[in-house]
Every structure is written in structure tokens, then in C-alpha cells.
Amino acid sequence: FFLPFLKLEKKTKGKLQKQICQVVLDHFEKQYTAELGDAWSSVRDVLTSPWCWQHALLLNRFSRCPGLESSLPEQGYHPAFPAALPYLPAAFRSYIRRTPGRFPAQKHQPGKLKEYYLLNAASLLPVLALEVKDGEDVLDLCAAPGGKSVALLQCAYPGHFHCNEYDDLRSRWLEQTIESFIPDPLINLIVVSKLDGRQIGDLQPELYDKVLVDAPCSNDRSWLFSADPQQAVLRLMQRKELSSLQFQLLR
């Protein structure tokens with residue numbers, strides 16, 4: 001039974017050996033040495049080492065796959081969160097493993113639900129922190145590509161669920177994600193919009209019980225492995241404007 005696991009390691013090996021973009025690393029060295037001091041050395045190790053990357057499998061409760069969950073321990077996976085957490089819905093099932101590698105992604109097939117979503121385990125923490133209950137009205141303000149929206153629906157059935165994404169390309173990605181993971185009866189309760197998130201508070205004041213804001217961010221690890229140095233330089237320039245945008249979205 002170890003053969004599938006070994007094949008997976010072989011397939012993902014190339015992805016784990018991405019080259020670090022020196023332009024970005026030099027920028028981080030200067031900025032984070034000033035901000036973090038001696039702690040930057042440890043942070044740098046986490047950012048640059050594939051052994052620290054925690055890709056998680058979030059199982060889709062709307063598409064049960066017989067045998068998938070029971071086979072995960074054989075491949076080194078264990079529950080991502082302890083059962084002792086104050087808020088951990090029974091239907092919320094997520095797994096990680098200590099060694100690098102990534103489960104094979106499932107392709108989008110119209111009319112067929114995917115069995116699991118692949119994402120960084122840390123991305124699930126704000127969803128759990130929100131503690132959404134059945135019947136609550138919820139807004140996912142910056143929703144694409146949709147992982148947190150999918151995760152939220154593993155926790156509860158909102159009364160009204162509004163997923164917003166301003167960018168047109170990312171909004172189409174969000175719609176495809178929802179179509180891939182959420183069945184028809186529930187999908188009818190979800191509204192997808194392309195509004196400027198900074199305006200929703202004025203357009204729909206006091207409408208929502210809870211709001212999830214995964215604000216546009218620097219995404220340091222992805223930028224660190226940018227294949228195009230020129231694009232990396234542009235991103236580093238745009239990085240300075242992110243804090244202002246984040247503040248406006250939160251406000």
C-alpha cells in the first residue's frame with residue numbers, strides 16, 4: 001500500500017524544488033531584519049524550506065468518497081486540528097502530514113462534485129475562528145479562489161451566504177470552485193458578486209452577522225518563488241500600497 005504514496009512523492013518532487021527569487025529574498029533580508037531582528041533567521045527557514053509547507057486536505061462533506069478518509073493515515077496524514085478545540089464542527093474534516101508533498105489535485109468537471117480541497121492548513125484557522133452557526137448571514141468579502149468559502153460551508157449552513165470578489169478573472173475562479181464543491185440545493189443560497197469590497201458596508205449596512213476578510217496580501221512565500229524577476233520587482237513596489245487597501249477593506 002506504499003506504492004501510491006511513493007508515486008505522489010515522485011510527482012511532487014519537482015514542485016518542491018522551485019528556485020528562490022534572489023530579488024525578493026534580498027528585499028526580505030533588508031525589511032525583516034529591521035522588523036524582526038534575530039527572529040528573522042527562523043522565519044526565513046520556514047519560508048524557504050519545503051519541509052515546513054503544510055498543505056492540507058479539506059474533505060468535502062457533500063461528496064463522500066468511500067475509503068478515502070480511512071486510507072489517509074497509511075499515507076502519513078493525520079487530523080490538522082485537535083478534537084479539543086472549542087469550535088470544531090463534526091463535519092469539518094481536514095488532514096495534514098509532516099513530510100513535504102501534495103495530494104493530486106482533482107480537475108473541475110461540470111455536474112460532478114470534488115471530494116476534497118487542497119489548501120494551506122493555516123488558511124483554515126480564520127474560518128474556525130469565525131464560529132459560524134446555522135442560519136447566520138455571512139459575507140466572505142475577498143472570497144477568491146474560494147477555499148475559505150468551501151471550508152465555511154463544511155462548518156454550517158448560513159441563512160444567507162454572500163461571496164464577493166472584485167477581480168473579474170478571480171471571480172470566475174470563485175464561481176467554478178463553488179460549482180465544484182457545493183450541491184444544487186445549497187448553492188442556491190449563495191450569492192456571488194464582483195463589488196468593490198470597500199463599498200459593501202455602505203451598500204448593505206448591518207446586514208451580516210459575520211464577515212470574513214481575507215484581505216489582499218503580500219503572500220511572501222509565493223512571491224519568494226516568483227519565476228519572473230521583473231514581475232517580482234513590480235510586486236514589491238505594489239506591496240507598499242497593500243496596508244492602505246487592507247485598512248479600507250476592514251473599515
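Heads up: numbering here begins at 1 and tracks the sequence. Just so it is clear, the model here is predicted, and its values are computed rather than measured.
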For the backbone of [Y] and the side chain of [X], can you confirm whether one donor and one acceptor N or O come within less than 3.5 Å of each other?
{"X": "Asn120", "Y": "His55", "answer": "no"}
{"X": "Lys107", "Y": "Ala105", "answer": "no"}
{"X": "Tyr77", "Y": "Ser94", "answer": "no"}

If you look at every heavy atom in [X] and [Y], which pair is closest and at what distance?
{"X": "Ala56", "Y": "Ile96", "result": "CB-CG2, 3.6 Å"}
{"X": "Val24", "Y": "Leu236", "result": "CA-CD1, 4.3 Å"}
{"X": "Phe62", "Y": "Ile182", "result": "CE1-CD1, 4.0 Å"}
{"X": "Cys21", "Y": "Ala232", "result": "SG-CB, 3.9 Å"}
{"X": "Leu249", "Y": "Cys142", "result": "CD1-SG, 3.9 Å"}
{"X": "Cys163", "Y": "Ile178", "result": "SG-CD1, 4.1 Å"}

Spacing of [X] atom [atom1] and [Y] atom [atom2] [to the nearest 0.5 Å]:
{"X": "Ser42", "Y": "Leu47", "atom1": "OG", "atom2": "CG", "value": "11.0 Å"}
{"X": "Leu72", "Y": "Arg93", "atom1": "CG", "atom2": "CZ", "value": "9.5 Å"}
{"X": "Lys114", "Y": "Leu58", "atom1": "NZ", "atom2": "CG", "value": "12.5 Å"}
{"X": "Gln106", "Y": "Leu113", "atom1": "CD", "atom2": "CG", "value": "10.5 Å"}

Would you please test Lys194 and Glu165 for salt bridge (charged side-chain N to carboxylate O under 4.0 Å, His left out) and show each step?
CA-CA 5 Å; Lys194 293 187 287 186; Glu165 176 54 52; over 6 Å; no
Can you run down the side chain to side chain donor-acceptor pair (under 3.5 Å) pairs that involve residues 176-188, sequence neighbours left out, and say none if there aren't any?
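Found His108-Ser180.
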In the structure I gave you, are the side-chain heavy atoms of [X] and [Y] within less than 4.5 Å of one another anywhere?
{"X": "Trp173", "Y": "Asp167", "answer": "no"}
{"X": "Pro145", "Y": "Leu174", "answer": "no"}
{"X": "Glu35", "Y": "Trp40", "answer": "no"}
{"X": "Leu141", "Y": "Leu212", "answer": "no"}
{"X": "Leu128", "Y": "Pro89", "answer": "yes"}
{"X": "Val192", "Y": "Ser171", "answer": "yes"}
{"X": "Gln22", "Y": "Leu25", "answer": "yes"}
{"X": "Leu59", "Y": "Glu69", "answer": "yes"}

Are [X] and [Y] grouped together when hydrophobic residues (ILVMFWY) are joined by side-chain heavy atoms under 4.5 angstrom apart?
{"X": "Leu139", "Y": "Leu207", "value": "yes"}
{"X": "Leu118", "Y": "Val127", "value": "no"}
{"X": "Tyr166", "Y": "Val213", "value": "no"}
{"X": "Leu189", "Y": "Val138", "value": "yes"}
{"X": "Val191", "Y": "Ile200", "value": "no"}

Check the pair Tyr87, Leu130 against side chain to side chain contact (heavy atoms under 4.5 Å, CB included), reporting the backbone distance first and the verdict last.
CA-CA 9 Å; Tyr87 175 76; Leu130 206 58; over 6 Å; no
Excluding sequence neighbours, so at least two apart, what forms salt bridge (charged side-chain N to carboxylate O under 4.0 Å, His left out) with [X]?
{"X": "Lys210", "result": "Glu136"}
{"X": "Arg64", "result": "none"}
{"X": "Asp45", "result": "none"}
{"X": "Lys148", "result": "Asp214"}

For Leu125 and Phe81: C-alpha separation, side-chain torsions, deciding distance, then whether side chain to side chain contact (heavy atoms under 4.5 Å, CB included) applies.
CA-CA 9 Å; Leu125 292 173; Phe81 304 103; 3.4 Å; yes
Shared-cluster residues of Leu234, by chain and number - hydrophobic side chains joined below 4.5 Å:
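None, because no other hydrophobic side chain comes under 4.5 Å of this residue.
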Listing request: all ring-ring contact (aromatic ring centres under 6.0 Å, His included) pairs with a residue in residues 111-146, at least two apart in sequence or in separate chains.
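Of all non-adjacent pairs touching residues 111-146, those that pass ring-ring contact (aromatic ring centres under 6.0 Å, His included) are Phe103-Tyr116, Tyr117-Phe181.
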Please, which pairs that meet salt bridge (Lys or Arg N to Asp or Glu O under 4.0 Å) have at least one residue in [range], sequence neighbours excluded?
{"range": "residues 196-205", "value": "Asp196-Arg198"}
{"range": "residues 19-33", "value": "Glu29-Arg44"}
{"range": "residues 215-241", "value": "Asp220-Arg239"}

What pairs with Leu203 under side chain to side chain contact (heavy atoms under 4.5 Å, CB included), at least two apart in sequence or on another chain?
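Leu203: side chain to side chain contact (heavy atoms under 4.5 Å, CB included) contacts with Leu195, Gln199.
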N/O donor-acceptor pairs under 3.5 Å from side chains in residues 149-162, not counting sequence neighbours:
{"residue": "Ser149", "atom": "OG", "partner": "Asp140", "partner atom": "OD2", "Å": "2.6"}
{"residue": "Gln154", "atom": "OE1", "partner": "Arg61", "partner atom": "N", "Å": "2.8"}
{"residue": "Gln154", "atom": "NE2", "partner": "Asn60", "partner atom": "OD1", "Å": "3.2"}
{"residue": "Gln154", "atom": "NE2", "partner": "Val150", "partner atom": "O", "Å": "3.3"}
{"residue": "His162", "atom": "ND1", "partner": "Tyr208", "partner atom": "OH", "Å": "2.6"}
{"residue": "His162", "atom": "NE2", "partner": "Ser193", "partner atom": "OG", "Å": "2.6"}

